[in-house]
Amino acid sequence: MNTKLRIRRPDDWHLHLRDREMLAAVAPWSAGLGRAIIMPNLVPPVVTGAEAAAYRDRILAALPENVTLRPLMTLYLTEATDPADVLAAHAQGIIAAVKLYPAGATTNSASGVRDFDRVRPVLEAMAGAGIPLCVHGEVTDPAVDIFDREAVFIDRVLEPIRRATPGLRVVMEHVTTADGVAYVRSGDNIGATITTHHLVINRNHILVGGIRPHYYCLPVAKRESHRLALVEAATSGDPRFFTGTDSAPHPDRAKESACGCAGCFTAPNWLQICAHVFEQAGALDRLEGFTSLHGAAFYGLDPNPDHISLVRRDEPARWPERITAGGETVTVFDPGFPVHWHIEDDA
Ligand SMILES: [Zn+2]
């Protein structure tokens with residue numbers, strides 16, 4: 001059996017680093033990445049190029065010295081976003097993408113888009129400049145069942161946007177359904193990130209035998225057939241699918257609550273778990289594409305120049321059950337099985 005795998009340094013194409021004490025606590029766990037697309041849903045959100053530049057500086061200040069991580073910033077699309085500011089921030093190398101949250105879809109998305117016609121000029125400017133649109137693909141219509149919101153979003157929102165804006169490059173973020181996988185496979189100029197936790201859990205993990213708040217995330221994990229479709233897509237070698245952990249730390253106090261918030265904190269262990277999933281699927285030879293090559297290619301970037309190694313050992317990999325952030329604790333995602341892959345940095 002393959003016990004050592006040398007791969008290009010991985011990137012993360014969907015990462016939440018938060019701000020202030022939480023940023024200081026979680027950023028070091030992502031320091032070994034090559035690049036990461038940083039989500040802009042702070043309070044208040046990162047909506048202008050100047051705000052993105054300031055946030056990037058706060059991230060760099062929170063990282064140890066001589067780390068490999070290069071944060072790639074995004075703007076939070078609002079109905080008031082100025083196309084000229086987006087183009088200028090991209091031309092100056094401040095941002096790599098723009099994020100679309102339907103209003104109310106997830107954590108801190110109250111400023112998101114309600115009327116998609118109002119963001120048409122921004123989307124057209126982005127299509128012209130080749131700036132990708134990262135999409136949180138769920139409708140927020142209360143009449144739509146939460147397990148159907150991704151599939152309905154494709155028909156009601158995503159397909160009309162793409163038809164109206166030819167050439168717009170779209171990343172369907174954290175795809176969670178067989179419908180999403182099929183939609184991404186059917187088109188051009190579209191890719192998708194897949195999280196590690198959606199490769200591992202289905203909705204039973206959240207709900208059977210007692211509610212498990214640390215498995216609750218958005219989009220919510222779906223039934224097993226959808227998880228299998230995600231594993232198939234991730235391990236298929238199709239370059240349209242790539243890593244986006246959506247590692248999304250929240251204080252335990254806010255998750256273990258009568259109204260617990262959405263997000264899994266996977267920064268400390270996502271890569272080891274991914275190696276396990278690919279090994280189980282007999283696809284270790286395709287892991288590098290998923291973690292280190294496909295996303296860069298979609299964003300028009302070269303792979304990272306350096307490498308890491310994943311080594312399979314008899315003793316399971318270890319990570320803290322929880323970390324501290326200011327006066328809070330944050331629980332690390334528990335895959336529910338031992339993981340034998342360990343990371344060795346070749347740099
Ligand atoms: Zn996210």
Side-chain angles (χ1 to χ4, degrees), residues 11-19 22-23 26-27 29-30 33 35-47 52 55 59 71-78 95-113 132-140 146 149-150 153 157-158 170-177 180 184 191-201 206 213-222 230 234 241-251 254-255 260-270 274 295 298-299 330-333:
D11 301 306
D12 184 349
W13 302 98
H14 184 132
L15 177 63
H16 296 269
L17 289 179
R18 312 301 193 201
D19 216 347
M22 188 64 88
L23 169 63
V26 302
W29 290 99
S30 295
L33 292 165
R35 294 149 298 200
I37 286 277
I38 307 300
M39 289 294 132
N41 59 331
L42 306 181
V43 184
V46 177
V47 296
Y55 184 31
I59 292 168
L72 304 180
M73 308 310 292
T74 58
L75 296 182
Y76 187 118
L77 183 61
T78 73
I95 63 152
V98 174
K99 179 73 186 274
L100 167 65
Y101 291 97
T106 187
T107 306
N108 304 337
S109 62
S111 312
V113 176
L133 179 71
C134 299
V135 173
H136 182 108
E138 289 190 292
V139 291
T140 53
I146 191 168
R149 288 180 174 195
E150 182 172 290
F153 180 87
V157 181
L158 189 52
V170 172
V171 185
M172 205 173 164
E173 298 291 330
H174 42 52
V175 69
T176 60
T177 58
V184 169
T193 54
I194 301 179
T195 78
T196 312
H197 50 281
H198 287 115
L199 294 174
V200 169
I201 63 167
I206 310 170
H214 295 291
Y215 290 142
Y216 175 62
C217 59
L218 287 174
V220 70
K222 310 297 192 299
L230 300 178
F241 298 99
F242 41 89
T243 291
T245 65
D246 197 14
S247 178
H250 289 283
K255 286 198 66 77
C261 50
C264 297
F265 178 51
T266 54
N269 56 8
W270 73 274
C274 259
F298 186 92
Y299 278 88
V330 179
T331 293
V332 176
F333 178 73

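Note: hydrogens, waters and symmetry copies are ignored here, and every other heavy atom, side chains too, is used. Counting starts at 1 for both ligands and their atoms, in listed order.
- With sequence neighbours left out, Tyr299 forms a ring-ring contact (aromatic ring centres under 6.0 Å, His included) with Trp13.
- Between the Zn ion (ligand 1) and the N, O or S atoms of Asp246, the shortest distance is to OD1.
- A donor and an acceptor atom, one from each side chain of Thr176 and Lys222, are located under 3.5 Å apart.
- For a distance bound of 2.8 Å, the N, O or S atoms of His14 include one lying that close to the Zn ion (ligand 1).
- By the ring-ring contact (aromatic ring centres under 6.0 Å, His included) test, Tyr101 is found to be paired with Tyr76, residues two or more places apart in sequence or in another chain being considered.
- Among His136, His197, His16, the single residue meeting the ring-ring contact (aromatic ring centres under 6.0 Å, His included) criterion with His174 is His136.
- At a threshold of 2.8 Å, the Zn ion (ligand 1) has no backbone or side-chain N, O or S atom of Glu173 nearer than that distance.
- For a distance bound of 2.8 Å, the N, O or S atoms of His136 include none lying that close to the Zn ion (ligand 1).
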